[in-house]
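Everything below concerns the one structure shown next.
For the single chain, residues carry numbers from 1 onward in sequence order.
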Amino acid sequence: MSKEYKTIQEVAGPLMLVRGVDDVAYDELGEIELSNGEKRRCKVLEIDDGNALVQLFENSTGINLESSKVRFLGRSMELGVSEDMLSRVFDGLGRPIDGGPDILPEERRDINGLPMNPAARDYPSEFIQTGVSAIDGLNTLVRGQKLPIFSASGLPHAQLAAQIARQAKVVGTDEPFAVVFAAMGITFEESNFFVESFQETGAIDRAVLFMNLANDPAVERIATPRMALTAAEYLAFEKGMHVLVILTDITNYADALREVSAARKEVPGRRGYPGYMYTDLATLYERAGRQRGRNGSITMIPILSMPEDDKTHPIPDLTGYITEGQIILSRDLYRKGVQPPIDVLPSLSRLKDKGIGAGKTREDHANTMNQLFAAYARGKDAKELMVILGEAALTEIDKLYAKFADEFEARYVSQGYRTDRSIEETLDLGWELLRILPRTELKRIRDEYLDKYYDKK
């Protein structure tokens, strides 16, 4: 039986100081029993010479310093994992909130996980089809990759996240595929939107959802992505599944980290975020990947809304260092009605070359991708010139490029949130758009592919 302490010294906001403790470790869970028998949970943030600083999961009202007791549980936060988690919805601490029964766990796992040995990592190389042309065709997602989506307030990243979660699949194999979806600091309406979006398409059958609402405690928000990744690691490396983990919104997670850091009176770093935020984010992102000798994989799409649309803000800045590229949503395209408003030119998937080509997508993929990028960039330049000098200043070929840019945005990027395009449809649409330009302009594509696809009307 664990020892009880009646030595609560003070309570300040979400923090509580307990004196005279022994044999208590950092990150250990505790239970506070109030005088009326009610129990609340907490975890140890700091141990200093027999004094434990603990953080409360619930609020501190009603905690009486004289009569409340604290008991430490001798373990850190754990998640009971089992294949029965698929098709279920949990709160940020792993408790079912969908009205179904509790999970009977096959095992219990520490949510902090263990870092993957770099020597045991396998290089990401297999294509994942999201059904979104701007990603599949131009910024391809590869199994085991970390590819964040940089959004901004008011942009439809929730719709894009739900679309990818519903549509993502590994093409050409019957290997088991699952989605682990974790939402942090979202509203009740957003939570409903995600759950209904999964249910109406049947995608919930292969998904595990963790929902942390905006009015839940900050410390729960810090646990939510770790719960999700623990479930993903179990499904991937114990059950051999290919798991796509979507985390939204990392900005809310980082704000919770800042809140806890401020409560602990730590010295703040850039914009008030703790100096260890880089390390903290890395402990999440680096849990994605593939392991040698194991079938499963974890591919991660963290979504973050950039405060003030600022790419240099600490959260997107640090995320960019740790991950392999980024998909950027654009306010200008959103105003034009492009859905999803993915800005393909500054977007980048650093591993895209590893997941495309013959046997993975199609042999013409790399050439057409480069040509579409080049043509769209030139078309945007031509349109800017048209705004300044008028249409009369453009050559005939410039006008074709300007037309290409408009068609590219309207037909290739803008596909709506309900359209699921196969990679063949995406590549064929790319060729259709390239036929706007004369064959002599397509200098980035090999003649054999031009003969095979450009001349095919």
Side-chain angles (χ1 to χ4, degrees), residues 14 41 57-59 77 79-81 84-103 111 130 148-168 178-232 235 243-257 259-260 284 300-307 315 329 339-340 417-418:
R41 295 198 292 175
F57 284 105
E58 290 94 355
N59 61 28
M77 202 180 290
L79 176 67
V81 288
D84 296 339
M85 298 179 86
L86 289 166
S87 82
R88 299 294 304 274
V89 185
F90 302 91
D91 69 4
L93 292 177
R95 297 172 295 210
I97 51 170
D98 54 4
D102 285 347
I103 297 289
I111 64 164
T130 64
I149 294 175
F150 288 5
S151 181
S153 57
L155 295 185
H157 48 269
Q159 284 90 323
L160 180 58
Q163 181 179 18
I164 293 171
R166 287 194 311 266
Q167 296 179 177
V179 174
V180 174
F181 187 93
M184 295 159 277
I186 60 168
T187 62
F188 189 71
E189 285 81 6
E190 285 176 306
S191 170
N192 268 0
F193 163 75
F194 285 127
V195 174
E196 284 168 13
S197 168
F198 276 88
Q199 284 171 340
E200 70 190 28
T201 57
I204 190 130
D205 294 342
R206 51 168 192 150
V208 186
L209 279 65
F210 291 87
M211 296 290 168
N212 164 265
L213 299 180
N215 60 346
D216 290 331
V219 70
E220 183 177 313
R221 203 154 303 143
I222 293 170
T224 305
R226 291 177 169 81
M227 291 277 172
L229 285 159
T230 304
L235 293 172
V243 184
L244 174 65
V245 178
I246 298 178
L247 305 175
T248 179
D249 179 337
I250 294 291
T251 302
N252 294 338
Y253 170 82
D255 286 345
L257 209 59
E259 193 180 316
V260 172
L284 296 181
M300 189 186 293
I301 300 183
I303 297 173
L304 54 95
S305 46
M306 301 179 286
I315 304 168
L329 301 190
Q339 296 179 328
Y417 300 108
R418 294 279 157 198

(message) Using the side-chain contact (heavy atoms from CB on, under 4.5 Å) criterion, which residues pair with Ala254? Sequence neighbours excluded.
(response)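 If we apply the side-chain contact (heavy atoms from CB on, under 4.5 Å) test to Ala254, skipping adjacent residues, the hits are Tyr273, Met277, Ile315.
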(message) Run the side-chain contact (heavy atoms from CB on, under 4.5 Å) test against Gln339 and tell me which residues pass, sequence neighbours left out.
(response)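 For Gln339, the residues satisfying side-chain contact (heavy atoms from CB on, under 4.5 Å) (neighbours in sequence not counted) are Ser414, Tyr417.
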Contacts of [X] that satisfy side chain to side chain donor-acceptor pair (under 3.5 Å) - sequence neighbours left out:
X: Thr251; result: Asp249
X: Thr248; result: none
X: Thr187; result: Glu190
X: Thr130; result: Asp136

Going from [atom1] on [X] to [atom2] on [Y], what distance comes out if it is rounded to the nearest 0.5 angstrom?
X: Ile149; Y: Ile303; atom1: CD1; atom2: CD1; value: 4.5 Å
X: Arg206; Y: Ser87; atom1: CZ; atom2: OG; value: 12.5 Å
X: Leu213; Y: Ser191; atom1: CG; atom2: OG; value: 5.0 Å
X: Asn212; Y: Tyr253; atom1: CG; atom2: OH; value: 11.5 Å
X: Leu247; Y: Leu284; atom1: CG; atom2: CG; value: 7.0 Å
X: Asp255; Y: Met184; atom1: CG; atom2: CE; value: 11.5 Å

Could you report the tightest heavy-atom contact between [X] and [Y], atom names first, then the distance?
X: Phe57; Y: Val219; result: CD2-CG1, 3.2 Å
X: Ala178; Y: Leu235; result: CB-CD1, 4.5 Å
X: Gly185; Y: Asn252; result: O-ND2, 3.2 Å
X: Val245; Y: Ala232; result: CG2-CB, 3.6 Å
X: Leu329; Y: Ser151; result: CD1-OG, 3.6 Å
X: Ile250; Y: Pro302; result: CG1-CB, 3.8 Å

How about [X] and [Y]: do any of their side-chain heavy atoms sit closer than 4.5 Å?
X: Val180; Y: Leu244; answer: no
X: Phe150; Y: His157; answer: no
X: Leu229; Y: Met300; answer: yes

Output side-chain donor-acceptor pairs under 3.5 Å for residues 193-200, partner residues at least two apart or in another chain, one line each.
| residue | atom | partner | partner atom | Å |
| --- | --- | --- | --- | --- |
| Ser197 | OG | Arg166 | NH1 | 2.8 |
| Glu200 | OE2 | Arg418 | NH1 | 3.1 |
| Glu200 | OE2 | Arg418 | NH2 | 3.0 |

Which donor-acceptor pairs under 3.5 Å do side chains of residues 88-101 form with protein atoms, sequence neighbours excluded?
| residue | atom | partner | partner atom | Å |
| --- | --- | --- | --- | --- |
| Arg88 | NE | Asp98 | OD1 | 3.4 |
| Arg88 | NE | Asp98 | OD2 | 2.8 |
| Arg88 | NH1 | Pro101 | O | 3.0 |
| Arg88 | NH2 | Asp98 | OD1 | 3.0 |
| Arg88 | NH2 | Gly100 | O | 3.4 |
| Arg88 | NH2 | Pro101 | O | 2.7 |
| Asp91 | OD1 | Leu93 | N | 2.9 |
| Asp91 | OD1 | Gly94 | N | 3.1 |
| Asp91 | OD1 | Arg95 | N | 2.8 |
| Asp91 | OD2 | Arg95 | NE | 2.8 |
| Asp91 | OD2 | Arg95 | NH2 | 3.0 |
| Asp98 | OD1 | Gly100 | N | 3.1 |
| Asp98 | OD2 | Val89 | N | 3.1 |

(message) With salt bridge (Lys or Arg N to Asp or Glu O under 4.0 Å) as the rule and sequence neighbours excluded, what pairs involving residues 210-230 come up?
(response)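 Qualifying pairs: Arg226-Asp280.
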(request) Show your reasoning for whether side-chain contact (heavy atoms from CB on, under 4.5 Å) applies to Met85 and Leu79. (result) CA-CA 11 Å; Met85 298 179 86; Leu79 176 67; 3.9 Å; yes
